[in-house]
Number of protein chains: 2
Amino acid sequence: MADEHDHQSCPMDSLLRLLMGSWTTYILWLLGSEGTLRFGQLKALMPKISSKVLTERLRHLERAGLVHRDYRPTIPPAVSYSLTERAHELREVLQGLNEIALRWQKEDEQRALSA
Amino acid sequence: MADEHDHQSCPMDSLLRLLMGSWTTYILWLLGSEGTLRFGQLKALMPKISSKVLTERLRHLERAGLVHRDYRPTIPPAVSYSLTERAHELREVLQGLNEIALRWQKEDEQRALSA
DNA sequence: CTGTATCCGCGTGGATACTG
DNA sequence: CAGTATCCACGCGGATACAG
């Protein structure tokens, strides 16, 4: 990475870029805790997201191989989404990140109180 | 996190948001591998960054407690930046993220070749 | 039900010029 | 040397409407 001066093409950076899209980590969290979910269920769990953005995020996650899309051409069509093995690997690391973030938050609150 | 429906206020999300600012991870990487650096040295190592953006990123990192700013009011002034203990904790997790990103990249290339 | 198609407003990054 | 001050352009997220 030290020799990669173009941050656009750094693998970790594009991964971060993907995760940073709004709603993205929340989608991963929902699919991880609730299991397989249909498009409409996901949308219902995120009342304020628009169809456009939800589709967008899911497509990106799919391209990155983090989410599996199952399309059943019934009428009306049924589409369900689930996490792939990759996503589960990621969840472990993200869990570490989350623990750090929470710990720091507490530390900051402590320092704010004693100040 | 499951009960945190507002992604704006999720600690991990704001941490991701910070890391995602362009150049951010690269700044952390440079300070980690090169050690303490002065403003001008950092800028020289990132030829395409503007003073404005570099200052911006450093201020954010400073507020998050990831970077220490040392200001010497000499004439001309000398300002140097270094990583804090927090940043080193973060580097471990980021290292994990980087390994995953690299591995996936290789896997994807493999699949692209065999297709 | 599961999306596309548009349009729009805002934030963010980048370029340039200037300062203590 | 180490920034600040502007200005601009672009992309992204959000809202709305519509379609297979």
Side-chain angles (χ1 to χ4, degrees), chain A residues 5-10 13-28 30-31 34 36-64 67-82, chain B residues 5-10 13-28 30-31 34 36-64 67-82:
Chain A
H5 288 227
D6 185 357
H7 58 293
Q8 309 296 346
S9 56
C10 171
D13 225 73
S14 39
L15 180 52
L16 280 172
R17 216 165 283 278
L18 169 67
L19 293 177
M20 249 303 302
S22 57
W23 303 105
T24 307
T25 54
Y26 192 46
I27 292 173
L28 290 177
L30 286 176
L31 289 177
E34 309 280 329
T36 300
L37 288 175
R38 297 183 52 177
F39 185 87
Q41 293 178 303
L42 265 174
K43 196 156 169 4
L45 289 167
M46 296 180 284
K48 302 200 231 174
I49 200 175
S50 68
S51 299
K52 175 198 164 192
V53 174
L54 179 53
T55 306
E56 212 172 66
R57 287 295 101 85
L58 288 170
R59 292 289 180 278
H60 284 144
L61 290 170
E62 200 188 351
R63 260 186 274 150
V67 156
H68 173 70
R69 179 172 186 267
D70 184 37
Y71 174 74
R72 304 289 167 88
T74 53
I75 295 179
V79 182
S80 54
Y81 294 91
S82 54
Chain B
H5 288 227
D6 184 358
H7 58 294
Q8 308 295 347
S9 55
C10 171
D13 225 74
S14 39
L15 181 51
L16 279 174
R17 215 165 283 277
L18 169 67
L19 293 178
M20 250 303 303
S22 58
W23 304 104
T24 308
T25 54
Y26 191 48
I27 292 173
L28 290 177
L30 286 176
L31 289 177
E34 308 279 329
T36 300
L37 288 174
R38 296 183 53 177
F39 185 87
Q41 293 179 304
L42 266 173
K43 195 157 170 4
L45 289 167
M46 295 179 284
K48 302 200 230 174
I49 200 175
S50 68
S51 298
K52 175 197 165 192
V53 174
L54 178 52
T55 307
E56 213 173 66
R57 288 293 99 85
L58 287 170
R59 293 288 182 280
H60 284 144
L61 290 171
E62 201 188 347
R63 260 187 273 150
V67 156
H68 173 70
R69 179 173 186 267
D70 183 37
Y71 173 74
R72 301 291 166 89
T74 53
I75 296 178
V79 182
S80 54
Y81 295 90
S82 54

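Every chain is numbered from 1 and lettered A, B, ... according to where its sequence line falls, protein lines coming before strand lines. A quick note: this is a predicted structure, and the numbers were derived from the prediction, not measured.
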side-chain contact (heavy atoms from CB on, under 4.5 Å) evaluation trace for A:I49 with A:Y26
CA-CA 11 Å; A:I49 200 175; A:Y26 192 46; over 6 Å; no
N/O contacts under 3.5 Å, protein versus nucleotides 8-13 of chain C?
| residue | atom | partner | partner atom | Å |
| --- | --- | --- | --- | --- |
| C:dG13 | OP1 | B:R57 | NH1 | 3.0 |
| C:dG13 | OP1 | B:R57 | NH2 | 3.2 |
| C:dG13 | OP2 | B:E56 | OE1 | 3.3 |
| C:dG13 | OP2 | B:R57 | NH2 | 2.9 |

Kindly say if A:R38 contacts the phosphate of C:dC1, meaning a side-chain N or O under 4.0 Å from OP1 or OP2.
no
Side chain to side chain donor-acceptor pair (under 3.5 Å) partners for B:R38, two or more places apart:
none
Between C:dT16 (P) and B:I49 (CD1): distance, integer Å:
16 Å
Pairwise side-chain contact, B:L45 with B:L37, heavy-atom cut-off 4.5 Å (strictly under):
yes
Would you say the side chains of A:T25 and B:D13 form a donor-acceptor pair under 3.5 Å?
yes
Closest to the side chain of B:S51, out of D:dT4, C:dT4, C:dT2, is D:dT4
Separation of A:H60 atom NE2 from D:dC12 atom C1', in whole Å?
10 Å
Test side chain to side chain contact (heavy atoms under 4.5 Å, CB included) applied to A:V79 - qualifying residues, sequence neighbours left out
A:R69, A:Y71, A:Y81
Check this one for me: any side-chain N or O of A:R17 less than 4.0 Å away from OP1 or OP2 of D:dC12?
no
Minimum side-chain heavy-atom gap B:F39-B:L54 below 4.5 Å
yes
Nucleotide C:dC1, atom C1' - distance to CD of A:Q41 in whole Å
12 Å
With a 4.5 Å cut-off on side-chain heavy atoms, are A:L61 and A:L31 touching?
no
Would a 4.5 Å heavy-atom cut-off, applied to side chains only, mark A:S80 and A:R72 as touching?
no
Nucleotide D:dG13, atom P - distance to CG of A:L18 in whole Å
11 Å
For atom CE of B:M46 and atom P of D:dA2, their distance in whole Å
13 Å
Are B:R59 and B:T55 side-chain neighbours, meaning at least one heavy-atom pair lies under 4.5 Å?
yes
Once you round it to whole Å, what is the distance between C1' of D:dC1 and CG of B:L37?
15 Å
Axis-to-axis angle across the helix from C:dC1-D:dG20 to C:dG20-D:dC1, five pairs each end, nearest 10 degrees, ~ 50°
Check: A:I27 and A:M46 side chains under 4.5 Å, non-hydrogen atoms:
yes
By salt bridge (charged side-chain N to carboxylate O under 4.0 Å, His left out) - contacts of B:R63 (at least two apart):
none
Specify the residues of residues 71-81 of chain B, ordered by number, for which at least one heavy atom lies under 4.0 angstrom from an atom of DNA chain C.
B:P77
Find the distance B:L54:CG to D:dA5:C1' and express it as a whole number of Å.
17 Å
Nearest-Å distance, CZ (B:F39) to P (C:dT19)?
18 Å
